[in-house]
Amino acid sequence: MRLKIAVINQRYGLEVNGGSELYSRQIAEKLVKNYDVDAITTCALDYTTWENYYPAGDTNINGVTVRRFPVDAPRDARTFQAIDREMNHNPYVTKEASEYWIDKMGPHSMALLQFVATHAQDYDVFIVVTYLYWPAVRTMPLVKDKAIFIPTAHEEPFIHFKMYEPIFKAPRAYVFLTEEEKNLVQNLFHTQEIPCDVMGVGVEVPAAVHPDSFREKFGITDEYFIYVGRIDEGKDCPRLFQYFLDYKKQHQNNVKLVLMGKEVCAVPQSEDIISLGFVSDADKFDGIAGAKALILPSKFESLSISVLEAMTLHIPVIVNGICSVLKGHCTKSNGGLYYQNYDEFSGCLDYMLTHPQEYAQLCENARAYIDANYQWPVIMGKFDRMIAQIAQA
């Protein structure tokens with residue numbers, strides 16, 4: 001008899017193509033080969049509003065039964081931004097204040113919570129992905145005795161909220177994406193006695209990519225660096241734009257910055273910054289493959305699939321060195337560079353453009369790092385062993 005697994009995440013769908021949501025779908029679709037897998041999620045698509053987009057009820061995506069529950073009310077952006085701004089500057093607020101914040105953070109779905117409470121005994125193992133949002137916080141106490149927690153945690157103000165202490169101490173086991181994440185969680189919450197493993201993710205890219213087709217489709221003839229992901233203040237995109245424009249003032253070259261992703265913050269009107277909006281996976285991979293490097297300016301990342309995808313395609317990366325995980329990818333692989341200020345940012349771009357022999361070695365190192373650390377067969381074998389241990393207990 002096949003074990004029954006539930007994966008809990010705030011959003012789930014083919015249209016949700018980033019972060020922990022994509023990771024949750026990848027894991028669910030790998031697990032379905034050996035287990036009966038349900039994804040328990042909300043009807044939301046847009047993380048800024050949590051408005052219901054998908055119909056409530058059950059559907060099947062690539063063999064996974066997706067159980068969607070309505071969000072009780074969309075997020076009031078003005079109210080939440082005011083609360084969030086205050087909390088961001090006061091990470092050691094009271095438990096009551098952080099409880100109020102998580103209810104406003106959302107996505108708040110009592111139907112989802114009631115389903116988990118009613119059907120907890122129907123599942124052998126729950127995999128709860130991402131610590132930050134309401135579904136994880138509210139369901140963890142209900143399923144903690146058979147929960148694998150994948151917190152996707154990184155250093156940020158929220159992780160210090162007192163409300164999270166019992167959540168991080170609750171699960172039967174942990175899956176961490178990086179050693180840096182493991183060290184952070186164990187140091188903050190003293191969870192060393194909870195079984196854990198560092199697994200990362202498997203990285204999948206097309207067997208063939210077509211950078212020339214990408215250039216022709218979007219009319220890009222110059223060399224370019226690329227950013228892939230939400231174009232958002234939370235990803236430090238405004239600083240990236242300013243640094244790049246300052247770089248262009250100092251360097252009379254034709255290099256461009258290409259952006260792929262939904263615009264959540266303003267993008268400067270400049271012929272040197274090309275914003276393509278949301279693109280297909282084929283265009284994404286073709287665009288990355290044609291770039292000089294992928295730039296990720298975010299200070300807060302628990303892994304970054306876009307960085308790993310670029311490295312898989314032999315494309316080096318330039319990342320924010322303030323983020324220990326991103327810096328770790330570069331130092332462990334010798335397949336990327338990192339910066340913490342404008343001068344270092346400018347130096348990274350110059351180095352990539354003016355040192356062809358060293359650049360070629362960065363490309364080779366990047367792919368070697370992926371081959372050694374991010375392969376699905378190894379990762380799923382670890383999942384199987386962890387699931388078996390919890391199910392037999």
Side-chain angles (χ1 to χ4, degrees), residues 8-13 15-22 24 41-56 68-113 129-139 152-164 167 227-242 259-269 275-278 296-302:
I8 298 177
N9 190 268
Q10 62 278 359
R11 299 185 296 164
Y12 192 104
E15 298 82 3
V16 185
N17 70 338
S20 74
E21 296 91 345
L22 175 59
S24 297
T41 189
T42 71
C43 297
L45 175 61
D46 187 334
Y47 80 99
T48 63
T49 66
W50 303 126
E51 289 186 3
N52 291 308
Y53 172 85
Y54 299 104
R68 290 196 178 98
F69 299 91
V71 178
D72 297 327
R75 179 193 287 171
D76 182 301
R78 182 174 297 180
T79 300
F80 178 70
Q81 286 172 4
I83 298 168
D84 197 47
R85 193 176 302 114
E86 181 178 350
M87 297 289 284
N88 244 310
H89 289 92
N90 298 280
Y92 301 101
V93 294
T94 64
K95 185 173 185 294
E96 290 74 19
S98 56
E99 291 278 1
Y100 178 72
W101 172 85
I102 195 65
D103 283 340
K104 297 301 181 184
M105 161 67 88
H108 192 288
S109 174
M110 288 306 299
L112 183 154
L113 191 63
V129 187
T130 293
Y131 85 93
L132 187 62
Y133 297 104
W134 190 92
V137 171
R138 298 308 185 210
T139 60
T152 67
H154 47 264
E155 180 56 64
E156 59 183 342
F158 313 116
I159 202 169
H160 298 282
F161 292 173
K162 294 183 183 302
M163 168 201 66
Y164 285 119
I167 304 304
Y227 169 82
V228 177
R230 294 195 309 271
I231 301 169
D232 189 336
E233 288 186 17
K235 297 292 185 180
D236 219 24
C237 287
R239 190 185 306 273
L240 168 62
F241 302 151
Q242 188 59 57
L259 313 176
M260 291 180 174
K262 182 178 179 180
E263 293 184 13
V264 183
C265 68
V267 176
Q269 296 296 312
S275 183
L276 302 180
F278 184 83
L296 185 55
S298 175
K299 298 176 183 177
F300 306 122
E301 294 291 329
S302 60

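If you read the sequence from its start, that first residue is 1, and numbering goes on from there.
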(message) Please determine whether the number of non-hydrogen atoms from other residues, nucleotides or ligands lying under 6.0 Å from atom CD of Glu86 exceeds 12.
(response)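 Open: at most 12 neighbouring heavy atoms sit under 6.0 Å from CD of Glu86.
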
Spacing of [X] atom [atom1] and [Y] atom [atom2] [to the nearest 0.5 Å]:
X	Y	atom1	atom2	value
Tyr54	Tyr12	OH	OH	10.5 Å
Thr42	Asn52	OG1	CG	7.0 Å
Thr94	Lys162	OG1	NZ	8.5 Å
Leu296	Leu240	CG	CG	9.0 Å
Tyr53	Cys43	OH	SG	12.0 Å
Glu156	Ser298	CD	OG	9.0 Å

(message) We want to know whether Ser275 and Glu263 form a side-chain donor-acceptor pair, criterion being a heavy-atom distance below 3.5 angstrom.
(response)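 Indeed, the side chains of Ser275 and Glu263 share at least one donor-acceptor pair under 3.5 Å.
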
(request) Verify the distance criterion only: is there a donor paired with an acceptor across the side chains of Thr152 and Thr130 at less than 3.5 Å? (result)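 Present: a donor and an acceptor within the cut-off.
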
If you define the side chain from C-beta out and look only at heavy atoms, does anything of [X] sit under 4.5 Å from [Y]?
X	Y	value
Asp76	Arg78	yes
Leu113	Thr139	yes
Tyr100	Ile83	yes
Asp84	Phe158	yes
Glu21	Glu15	no

(request) Check each of Asp46, Asp232, Thr48 against Lys262 using the side chain to side chain donor-acceptor pair (under 3.5 Å) test, and report the only one that passes. (result)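 The option that passes is Asp46.
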
Are the side chain of [X] and the backbone N or O of [Y] linked by a donor-acceptor pair below 3.5 Å?
X	Y	result
Arg75	Met105	yes
Tyr164	Ser98	no
Ser24	Asn9	no
Thr41	Arg11	yes
Ser20	Val129	no
Trp101	Phe161	no

(request) For the pair Val16 and Leu22, evaluate side chain to side chain contact (heavy atoms under 4.5 Å, CB included) and give the outcome as yes or no after the intermediate values. (result) CA-CA 7 Å; Val16 185; Leu22 175 59; over 6 Å; no

Ignoring hydrogens, what is the shortest heavy-atom contact between [X] and [Y]? Give both atom names and the distance.
X	Y	value
Cys237	Cys265	CB-SG, 4.3 Å
Arg68	Pro55	CB-O, 4.0 Å
Phe69	Ser109	CB-OG, 3.6 Å
Glu51	Pro74	CG-CB, 3.6 Å
Arg239	Lys299	NH2-NZ, 3.9 Å
Phe241	Ile231	CZ-CG2, 3.7 Å

(message) Could you tell me if Arg230 sits above the aromatic ring of Tyr47, with its cationic atom closer than 6.0 Å to the ring centre and no more than 45 degrees from the axis?
(response)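 Yes, a cation-pi geometry holds between Arg230 and Tyr47.
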
(request) Check whether the ring centres of Trp50 and Phe80 lie less than 6.0 Å apart, and answer yes or no. (result)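 Not close enough - the centres of the two rings lie 6.0 Å or further apart.
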
(message) Applying side chain to side chain contact (heavy atoms under 4.5 Å, CB included) to Lys235 and Tyr227, what does each step give before you reach the verdict?
(response) CA-CA 11 Å; Lys235 297 292 185 180; Tyr227 169 82; 3.5 Å; yes

(message) Less than 4.0 angstrom from a charged side-chain N to a carboxylate O is my criterion; do Glu99 and Arg138 meet it?
(response)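 Result for this pair is yes, salt bridge flagged.
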
(request) Report the relative orientation of the aromatic rings in Trp134 and His108; use parallel for angles under 30°, tilted for 30 to 60°, perpendicular for over 60°. (result)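 Tilted: the ring planes of Trp134 and His108 meet at 30° to 60°.
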
